Structures are given as C-alpha cells and as structure tokens.
Amino acid sequence: MTVPQLSKTYDPKAVEPRWSRFWIEKRYFHPSIDHPGEPYCIVIPPPNVTGSLHVGHALNHSLQDILIRWRRMQGRNTLWLPGTDHAGIATQNVVEKRLLAEGLSREALGRDRFIERVWQWKAESGNTIINQQRQLGESCDWDRLRFTMDEGLSRAVIEVFVRLYEDGLIYRGERLINWCPRCLTALSDIEVEHEEVKGTLYHIKYPLADDPATTLVVATTRPETMLGDTAVAVHPDDPRYRHLIGKKIRLPLTEREIPIVGDSILVDLEFGTGAVKITPAHDFNDYEAGERHGLPRLALFDHRALLDHALMMKAGVDSDVASALATLPVQKARTTIVQLLTDHGLLVKRDDHRMAVGKCYRCKTVVEPYLSPQWFVKIQPLADPAIKVVEEGRIRIIPEGWVNNYLGWMRNIKDWCISRQIWWGHQIPAWYCRSCNDRYLIAQEATTTILQGARPIVAKQAPSQCPTCGDSRFMRDPDVLDTWFSSALWPFSTLGWPDQTPELKRYYPTSTLVTGLDILFFWVARMIMMGLKFMGDVPFRDVYIHALVRDAEGQKMSKSKGNVIDPLHVMDKYGADALRFTLASMASPGRDVKLAEERIEGYRNFANKIWNAARFALMYLNGPRTATPLSERPFPDRWIVSRLNRTIQTVSSELEAYRFDRAASVLYQFIWHEYCDWYVELIKPALQDASHPNGPTTRQTLADTLETTMRLLHPFMPFITEEIWQTIPHEGDSIAVQSYPTADVTKIAPGVEQEFALLEQTIGLVRTGRVLLNHPPGQPVSFFVAHVDQDLHHRLRGLHHHLAHMSRGSVAVIPSNEWPAGKLLRLVAEGLSVGLVVSNDVDLGKALDRLTDQIAEADKEVSRLDAKLANPDFSSKAPPEVITEHRERLRTLTRDRALLVSSHEQLQAMLGS
RNA sequence: GGGCGGAUAGCUCAGUUGGAAGAGCGCUGCCCUUACAAGGCAGAGGUCACAGGUUCGAUCCCUGUUCCGCCUACCA
C-alpha cells in the first residue's frame with residue numbers, strides 16, 4: 001500500500017472543483033421519489049436569475065446546505081430544490097440600460113422583441129449564479145432547477161390568478177398606489193422603503209370664500225400639490241375653527257372654491273396650524289379622507305411625476321400659473337409654487353420638519369402616490385388562515401422573536417397591488433372586448449390606457465369571442481404581475497403544481513424554509529397564504545430566519561460604500577469550506593453577522609489544521625490495525641472516543657435547534673483542541689515506535705475517529721472532508737452519501753474524561769513551571785507529582801508514561817512528603833502538586849511573583865467564601881448541595897494556599913542560601 | 001409615535017431551571033520539538049452600560065434611565 005503524499009498546506013483550489021464535478025456527475029443530490037427515508041425538502045429562496053452570488057446568498061445557502069447534507073446523511077429522502085426568479089423590475093432595468101448603451105430603447109424595440117432580448121440576457125448570464133452556487137458546494141438537485149418564468153411555473157401563475165379572480169379575491173380598480181416615476185410602474189406597499197429626511201413645513205393662507213380678508217392657515221410639506229386640493233379639514237372639536245365647517249375656501253392660484261370639512265381622523269389638534277389641506281389624488285391619508293367626505297380627486301402629475309398642463313387646467317388652475325408650472329418635476333414645482341405664494345403674500349412661514357419619504361426599493365427614486373387603475377389581491381381572506389397556522393404552531397418561526405413581527409404585519413395587512421407596468425414578467429390573463437369597452441380603451445400615442453370601468457374577461461387562454469356581443473377583437477391587459485406573485489407559489493409550483501405530480505405528493509409540505517428577515521413579508525407571508533389557499537396545507541413546517549450580513553463595522557454592505565465582501569473572491573483566496581464555516585459559526589440567532597476577512601482567514605487555518613492532522617494520520621496508518629474492544633484500548637483511545645461521542649451528541653442537538661454557531665464551535669473545539677492538541681500528541685509514542693504493543697489498536701482508533709470526525713464535519717466543510725475521507729480507510733464512494741455519525745452513549749466515559757482532566761492539569765502546571773524557570777521547551781525537566789486525594793494520586797501513577805511524554809521530562813509520582821526537601825518549585829492547584837527540580841543558576845523572580853499572586857488570589861477567594869458561609873441567611877436558605885460545595889471549595893483552597901505558602905518560603909530560603 | 005433586539009476582554013460574540021466570568025481573533029513572552037510557523041507552549045486582559053428593586057446570593061428575574069441597531073407608522 002502506498003501512502004498518498006499530501007502537501008504541507010491545504011490548497012482548496014486544487015481540491016474543490018474536482019469534488020464539485022464528481023458529486024454532480026454521480027447525481028448524489030438527485031433523490032429518487034421512492035427513496036424509503038422520510039422526506040426532507042427545502043426549496044431555495046430563488047435568487048435573481050441574472051444576478052451573481054453575494055455574501056447574503058452565501059450565508060443563506062451555506063446554512064441550507066448544512067441542513068440538507070446533514071439530513072441526507074441521516075438517511076432522509078432529501079430534496080433541495082434550486083431555482084431562480086425573473087426579478088421583473090430589476091432585470092428589465094438592467095436590459096434597458098444595455099439597450100441604452102446601444103442607442104436603443106424598449107419602446108423603439110417593441111414589447112415582443114424586448115422580451116426576446118431579456119431572454120437572451122438570461123441565457124447569457126443565467127448560469128453565472130448557478131455555477132457560483134456549485135462552487136460553494138451546494139448540494140442542490142440540479143436536475144430539478146426551476147425558473148419562475150418556466151412554462152410550468154407560468155401555468156401555475158395563470159391558474160392561481162384565474163382562480164383567485166373567480167373567487168373574488170382579485171379585482172381591478174382605480175386606487176391611489178405607490179408609483180415609481182423612474183421605473184414607470186406601480187409598486188406594492190412593501191416595495192417602498194421609507195427614509196427620514198429633513199423637510200420643510202410650509203404655512204399657507206387660504207382665504208375664506210365669503211370673507212377673503214379672513215384666512216385659514218394650513219400647514220403642508222408638499223405645497224406643490226395644493227392645486228389639487230379639494231377641501232380643507234379642521235378638527236370638529238377645535239374651538240378655533242369649528243364654526244368654519246361647511247363654509248368655503250378660495251383655493252389660491254386656482255379658480256376653485258373648496259369646502260371646509262370636519263375630520264377628527266385626519267386632523268391632529270396639536271400639530272401644525274390645526275388645519276389640513278386635502279389632496280385626495282396625491283396623498284394616501286387624503287385619499288381616505290376624500291372617501292369619507294365624498295370629495296373629487298384631482299390629479300396634477302403625469303406618470304413621470306411632472307406637472308401636467310391639461311390636468312392643471314382641468315383642476316381650474318389659473319392659466320398663467322399652469323403655464324409656468326407645466327412639465328416641472330416635483331422639486332422644481334415646489335420651489336415655483338412657494339415663490340408664487342410668497343409673491344401673493346400667502347406664505348406665512350416655513351418651519352424645519354423631519355419627515356419620511358418613500359423610495360423605490362429597486363432604484364431609490366422617490367415614489368409618488370399616483371391615481372391609476374391597478375389589479376389587487378383582496379388579502380384579508382387569505383391572511384386570516386395564515387395568521388392562524390402560526391398562532392397554532394403549525395408553522396414554527398425560528399427564532400420565535402419574529403412571530404410577533406409576522407403576526408403584527410399580517411393583522412394590519414392591506415390589499416396587495418400586483419400589477420406592474422413593465423413588460424418582463426407574467427402578463428395578466430385578462431382581455432377586454434374592444435367593442436364592449438370602447439369607451440374605456442383610450443389610445444394615446446403608442447399606448448392604450450384601460451380606464452376604470454372596463455370589463456375584463458379573465459381566463460387561462462385568450463377568448464375567441466366576446467360572450468356579450470360576439471365580437472372577436474380583444475385587447476390583452478398589458479400589465480405583468482409582481483414577481484413576488486409567482487414567488488409566492490414557489491413551494492408547490494416548483495414541484496409540478498397544478499399537476500398532481502409524485503414530487504408534489506412526496507415533498508409538500510416542505511420541511512424548512514431558510515431566509516433573511518428582509519423578505520419575511522415579501523415572500524414568506526405570501527407563500528403561507530398561497531400554500532394554504534391552493535394546497536390546503538402549510539408550505540413548510542419551520543421557517544428559520546437568519547441575520548443580515550454586514551461589514552466589520554456593522555454597516556450594511558453596498559457597492560457604493562465599497563465595503564462589500566465578495567464571496568467569490570473569498571472562496572478563491574481561502575476556500576469555500578472556510579467561507580462556509582465562518583458563516584455558520586457567526587449565525588447566532590437575532591444578531592446581524594459582522595463579517596471581517598480575518599475571521600475567514602482564521603477558519604482557513606482551521607482547514608489547514610485538519611489537513612495536517614490527516615497528514616499525520618496517513619503517515620502512521622501504514623501498519624497493522626486491530627479492532628480491540630474499546631474497554632481494552634489504551635487510555636488516549638478511550639478518552640478520544642468518549643469525547644467524540646459527546647461531540648456527536650452536541651452537534652446533532654445543536655443542528656436540531658438550528659444553532660449553527662454552537663455546532664460549529666463545538667466541532668472547532670473538538671478537532672483542534674482535543675483531537676489535534678491532545679489525542680495526536682498522546683499517541684505519538686505508540687505510533688512512532690514500530691514495535692510498540694499499542695500500535696495496532698491505536699492505529700485502528702486513529703483511523704476510526706478521523707473517519708467519523710470527517711463525516712461529522714462534512715455538512716459544514718464538504719470539500720476538505722471528502723478529500724481526506726477518500727484517502728483514509730473508508731467504505732463507500734463518497735462521504736456525501738455516508739451515514740451521519742450517531743452518538744453511542746455507552747462510549748461516553750466520565751471517569752476517563754476526569755482522568756484526562758487530571759492529566760491536562762498536571763501537564764499545565766509543569767509547562768507553567770517550565771516558563772517560570774526559563775526552561776527551554778527542548779530541555780528535559782525533572783519533576784514530582786502528588787495529589788492529596790488517594791484515588792487521584794493513584795490514577796496519576798497510572799498516567800506516568802503520558803505525563804513524562806507530554807511534559808518532555810522525567811517524573812516521579814510520589815506523595816509530597818517524600819519529595820526532596822529543597823530545590824523544588826512547587827505549584828499547586830486543587831489538591832494537585834507539581835514540584836519541578838530547580839537548578840542553582842536559575843532566576844526565581846518570576847516564580848516567586850507567580851506564587852505571591854496566587855496566594856493573594858487565594859486569600860481573596862477564601863475571605864469571600866468565609867463571609868458567605870458565615871452568613872446565617874445563607875446557611876439557612878441556600879440549598880444544601882450549594883453549601884456543601886462552598887465548604888468543599890473552601891477546604892481545597894485553604895489547603896492549596898498552605899502549600900503555596902510553603903513553596904514560597906522554600907524558594908526564598910533557596911535565595912537566601 | 002409604536003414594536004423588537006442589543007450593550008459581557010482591545011475587536012466579534014457565546015453564556016436557561018440565579019450559586020466560583022467563557023471562546024475565537026488580536027496582544028505579550030518563549031520556541032523553526034520530523035502533522036501543521038496558516039504552527040506549538042505559557043500568559044496578560046472584564047465593578048457583565050447606568051440607577052434602583054426582588055433574593056441568603058443577580059451577567060441572568062423586575063422597574064426605570066442612557067446609548068446603538070432594526071422593523072413599523074398617516075402627525076399634514
């Protein structure tokens with residue numbers, strides 16, 4: 001047998017691509033439906049098809065892969081279903097930018113050719129992120145890759161739309177919606193990000209119609225919308241104004257007179273002037289107030305948020321004012337209006353005022369409330385059951401702190417605007433008969449506006465004949481659906497719905513959803529609603545919400561700040577395993593992940609440590625192995641097996657609890673500080689001496705424990721574990737499909753672990769002594785060991801060889817009263833004494849200082865314990881075992897202290913002599 | 001405005017029935033000891049944000065305060 005020669009440092013780049021290809025070729029991640037295991041399924045939160053992997057994905061995907069690999073190794077029928085979404089607005093924006101660079105525009109191209117271009121772009125860039133995912137080692141079933149615009153998924157979207165419409169849960173109506181004047185589309189409420197800004201509160205005089213000398217002062221942050229005011233509101237209980245309710249106001253700069261109404265909802269007595277202008281076409285609150293008072297809605301802005309001349313004329317704006325304002329954008333219009341008001345002596349004052357503006361979550365343009373006909377999902381009937389399943393625990397949200405967040409949002413949920421005025425997406429399956437809707441289909445320039453009141457025919461396919469008039473000329477609604485509408489169906493559309501496929505039967509409901517908080521509402525809530533509505537069951541049992549990844553300073557990563565950590569660069573530099581392990585170890589619940597490159601470097605070193613442990617093993621495994629019964633194996637073997645089983649136990653229970661951080665740290669601790677630091681060192685004598693009687697059994701334990709450890713670690717670091725596993729004794733073709741270790745509690749030996757603790761403590765004292773006496777590590781040291789406890793003293797005797805080897809010295813385990821009288825540095829801890837032989841020429845200063853410090857420390861602790869035990873309340877009220885423990889501690893401490901003092905005295909005596 | 005979370009070593013964070021303060025990184029000192037210098041060994045470093053309360057005893061439970069995040073909201 002030849003020993004594979006492993007290089008001295010681990011080189012991930014030489015290893016990772018090889019296994020990535022191997023796994024995919026072997027199709028290990030493609031489960032068969034009839035796999036006997038209990039299903040475990042995760043659907044991936046689909047990233048944007050034309051995007052690339054960022055560190056947020058890396059975290060999200062690493063955690064999912066850990067769960068999936070773990071469950072697969074446990075023998076579950078495991079499906080991790082990958083895919084991407086079409087990200088309507090974002091993708092369309094990207095393609096439009098590319099067109100612009102070519103001097104083209106989407107309008108010039110036309111809808112069909114534009115969509116072709118988007119598909120082309122998807123074909124070019126769509127594989128980028130998939131390949132990056134493979135680089136990260138993701139064990140997805142790539143055969144089942146899905147895309148939200150696939151034929152099958154599109155069919156699901158149409159099916160859902162039609163059924164919701166038929167159930168009265170989708171309607172079309174003219175509402176005030178959030179409009180992005182750059183993307184030129186409607187947005188849903190949650191696609192608007194609010195940002196606090198410094199604004200100005202303008203106080204404007206409105207003269208009364210029947211008494212122009214008297215004015216009512218209104219306060220507003222948006223004076224440019226005043227031309228569309230259709231009323232002024234005051235509080236009905238406000239003694240200043242209540243007599244004015246019912247009277248009329250002359251709206252400045254227009255020819256209109258508008259009523260003064262009383263409204264206790266809109267008006268806050270304390271704020272501003274107590275009088276509020278109502279502009280129903282440009283403000284959400286005003287819209288509702290307008291509904292309450294039956295006010296007309298006068299829009300002033302066009303779809304680009306520019307003041308429109310025709311609309312202003314319709315609103316009775318003075319024609320010279322209208323001319324001055326026409327085509328101005330919001331900000332400029334505001335300046336102009338304020339100037340006009342000032343000129344007319346109508347501006348009373350302006351106050352600084354903090355306010356929130358809404359911005360488009362895709363392009364950060366300030367959104368405008370915009371009056372337009374849109375499609376909505378009536379959400380309440382869908383939300384109610386989605387609230388119930390979480391309340392009843394049929395869906396668990398982890399960490400559970402987010403439950404209230406979810407419930408709060410769901411209870412206040414508003415109807416969902418699902419139509420988008422873009423081209424890339426699922427076009428709404430609604431047609432309008434041209435003859436029946438003649439009055440409602442208004443053609444202007446290249447586009448046709450479908451007014452409110454038009455009667456759509458909603459169907460899975462284009463109708464051939466109008467059921468009302470028999471005409472066969474139709475116009476299809478040009479709008480597409482919100483991307484999240486299709487994402488909401490993801491857990492079942494990807495499994496084949498609306499067909500009743502075997503996959504659907506086997507894997508729905510899925511097991512766990514892993515996602516960031518940022519899309520809890522966008523996505524998770526909507527999947528729950530849609531899953532319940534169309535599958536009659538929850539889409540997943542557990543929702544695990546992880547934190548957002550920030551930079552080392554806690555700042556959100558963004559390209560403009562230049563603080564992004566690129567996972568591809570990181571993987572290239574440190575390896576995918578190091579990145580994965582870092583992210584897992586930092587995934588503490590409820591905390592943001594602050595990622596600094598040094599952390600990744602640290603775990604790269606960890607990978608290297610593992611690599612070298614494997615090199616060590618391979619170097620010495622070349623010899624006979626004997627599987628002796630555990631009880632007959634040498635002490636180090638029994639100890640490491642005990643520790644390994646405890647580690648298996650902990651890792652498994654932490655994974656069950658989604659504590660990736662704790663699982664990772666337990667693995668790190670075990671591998672580095674137990675396996676490498678102690679076990680490997682302890683067995684060197686047995687391995688390095690070819691004739692050592694323990695050789696064969698030690699080699700067996702070494703091989704077994706290393707192999708098991710690799711399987712235990714594999715979900716976290718799939719590449720290096722596969723590489724090592726393949727070179728050490730093993731059975732099977734790939735570690736990825738081996739069984740996950742299960743803890744054998746009979747192998748956990750507290751007695752052996754206790755004995756090890758004694759060994760470790762003794763070696764610790766010897767090493768400390770070495771440093772205190774300036775003994776170089778290479779120079780052998782002679783020392784005595786004793787323990788006041790008879791049993792422990794006896795056990796130390798049994799550890800004699802290990803003590804000598806680990807401390808590089810010669811040891812005598814004999815009662816301390818038999819130790820030579822002088823020339824010893826005695827160190828003490830919990831009844832254990834170590835005496836190092838001191839040569840004459842050594843500087844004892846450090847040693848004396850150390851002893852002095854320890855005596856002082858002991859004194860402090862002794863008096864603390866004394867005081868506590870002397871307290872009658874303590875002895876009468878504290879539990880007996882606590883009291884015993886305190887007494888015991890005081891006893892050892894006092895004993896240790898006495899020994900330290902005598903050690904100190906002896907050293908001083910030596911100095912004196 | 002409301003809600004949630006956080007404040008523990010220089011940094012990032014663990015720390016559940018309340019009973020002697022932990023890890024990783026960084027730092028200091030000594031070591032190229034044949035698995036590993038991407039390493040080994042030994043150390044230093046903390047009134048657990050502040051003020052009260054409950055308790056024999058509080059990092060932990062309660063109240064308040066300050067500061068920092070995030071989510072959410074119509075104070076024009």
Side-chain angles (χ1 to χ4, degrees), chain A residues 6 8-10 194 201-202 218-222 233 265-279 283-289 353 355-356 399 401-402 404-405 408-409 412 517-518 520-521 547-548 550 552 554 556 574 578 585-586 588 590-596 598-599 601-620 659 661-662 665 668-669 672-673 676-677 680-681 684 688 763-764 767-772 774-778 808 846 850 861 864-865 868 871-879 881-883 885-886 889 893:
Chain A
L6 302 183
K8 209 166 161 181
T9 52
Y10 176 60
H194 293 274
L201 189 62
Y202 300 89
V218 301
T220 180
T221 55
R222 299 205 56 189
I265 298 173
L266 185 67
V267 182
D268 176 354
L269 280 169
E270 312 291 317
F271 188 84
T273 60
V276 188
K277 67 195 218 36
I278 300 182
T279 324
D283 182 281
F284 290 100
N285 297 313
D286 294 7
Y287 180 89
E288 282 169 26
H353 179 63
M355 53 190 262
W402 301 118
N404 282 336
N405 218 315
W409 187 76
N412 287 317
L517 180 66
D518 46 344
L520 180 64
F521 306 138
L548 263 52
R550 296 168 177 282
K556 217 169 183 168
Y574 302 110
S585 72
M586 296 177 92
S588 302
R591 282 231 191 215
D592 282 342
V593 175
K594 289 188 197 169
L595 187 62
E598 300 88 75
R599 300 301 302 270
E601 192 184 348
Y603 290 113
R604 185 272 315 261
N605 296 352
F606 178 49
N608 194 50
K609 188 75 182 177
I610 298 166
W611 181 250
N612 277 290
R615 284 180 65 219
F616 170 82
L618 284 169
M619 204 170 278
Y620 291 107
R659 289 304 302 262
D661 57 330
R662 292 209 284 219
S665 100
Y668 185 97
Q669 189 65 30
W672 198 313
H673 297 302
C676 293
D677 287 351
V680 163
E681 294 305 327
K684 275 180 180 173
Q688 288 170 342
I763 301 299
R767 287 169 173 171
T768 303
R770 262 185 187 280
V771 172
L772 292 176
N774 296 320
H775 265 292
R808 294 167 173 275
K846 266 197 287 184
R850 153 101 180 189
E861 187 62 11
R864 202 183 67 88
L865 287 172
K868 212 168 166 183
N871 184 346
D873 283 330
F874 178 72
S875 36
S876 63
K877 288 179 184 165
E881 63 272 20
V882 172
I883 296 171
E885 195 210 319
H886 274 64
R889 234 159 60 206
L893 211 56

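Just so it is clear: chains get the letters A, B, ... in the order the sequence lines come, proteins before strands, and each one is counted from 1. Here the structure is a predicted model, which means the values were calculated and not measured.
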For nucleotides 5-7 of chain B, print each protein N/O atom paired with a nucleotide N/O atom at under 3.5 Å, atom names and distance only.
| from | atom 1 | to | atom 2 | distance (Å) |
| --- | --- | --- | --- | --- |
| B/G6 | O3' | A/R591 | NH2 | 3.2 |
| B/A7 | OP1 | A/R591 | NH2 | 3.4 |

*Scan nucleotides 52-61 of chain B nucleotide by nucleotide, 5' to 3', and note B when protein non-hydrogen atoms come under 4.0 Å of the base, S if they reach only the sugar-phosphate, - if neither.*
----B-----
*Mind checking what makes salt bridge (charged side-chain N to carboxylate O under 4.0 Å, His left out) contact with A/E601, not counting sequence neighbours?*
A/R604
*Given Watson-Crick or G-U pairs with both distances under 3.5 Å, what dot-bracket string fits RNA chain B, with | for other-strand pairs and [ ] for crossing?*
(((((((..((((.....[..)))).(((((.......))))).....(((((..]....))))))))))))....
*Calculate the interatomic distance between A/L772 atom CG and B/G29 atom C1'; express it in whole Å.*
12 Å
*Could you state the atom-to-atom distance from NE2 of A/H775 to C1' of B/C31 in whole Å?*
15 Å
*For atom C1', what is the distance between B/G24 and B/C60, given to the nearest Å?*
23 Å
_When you compare the side chains of A/N612 and A/K8, does any donor N or O come within less than 3.5 Å of an acceptor on the partner?_
no
_Distance check, C1' atoms only: B/G46 and B/G10, in whole angstrom units._
11 Å
*How many Å lie between CD on A/Q669 and P on B/G24, as a whole number?*
6 Å
*Round to a whole Å and report the spacing from NZ of A/K594 to C1' of B/G10.*
14 Å
*Among all residues two or more places apart in sequence or in another chain, which pass the side-chain hydrogen bond (donor to acceptor under 3.5 Å, both in side chains) test with A/R864?*
A/E861
*For A/R662, check salt bridge (charged side-chain N to carboxylate O under 4.0 Å, His left out) against everything at least two apart and list the hits.*
A/E654
*Do A/K877 side-chain atoms and A/P872 backbone N/O form a donor-acceptor pair below 3.5 Å?*
no
*Would you please name every residue forming a salt bridge (charged side-chain N to carboxylate O under 4.0 Å, His left out) with A/R770, sequence neighbours left out?*
none
*Which residues satisfy the ring pair (Phe, Tyr, Trp, His ring centres under 6.0 Å) test with A/W402, sequence neighbours excluded?*
none
*Nearest-Å distance for atom pair CZ/P, residues A/R864 and B/G19*: 12 Å
*asked:* Restricting to side-chain hydrogen bond (donor to acceptor under 3.5 Å, both in side chains), what partner residues turn up for A/D518, sequence neighbours left out?
replied: none
*Going 5' to 3' through nucleotides 34-47 of chain B, assign each nucleotide B (protein heavy atom under 4.0 Å from a base atom), S (under 4.0 Å only from sugar-phosphate atoms) or - (no protein heavy atom that close).*
-BBSBSSSSS----
*Using only side-chain N and O atoms of A/S588, determine if any of them is under 4.0 Å from OP1 or OP2 of B/A14.*
yes
*Take nucleotides 68-76 of chain B nucleotide by nucleotide from the 5' end and write B, S or -, depending on whether a protein heavy atom sits under 4.0 Å from the base, only from the sugar-phosphate, or from neither.*
--SS--BBB
*Considering only the P atoms, how many Å lie between B/U17 and B/C4, rounded to the nearest integer?*
25 Å
*asked:* Measuring to OP1 and OP2 of B/C31, would you say a side-chain N or O of A/R808 lies under 4.0 angstrom away?
replied: no
_Which residues pass the side-chain hydrogen bond (donor to acceptor under 3.5 Å, both in side chains) test with A/R659, not counting sequence neighbours?_
A/D661
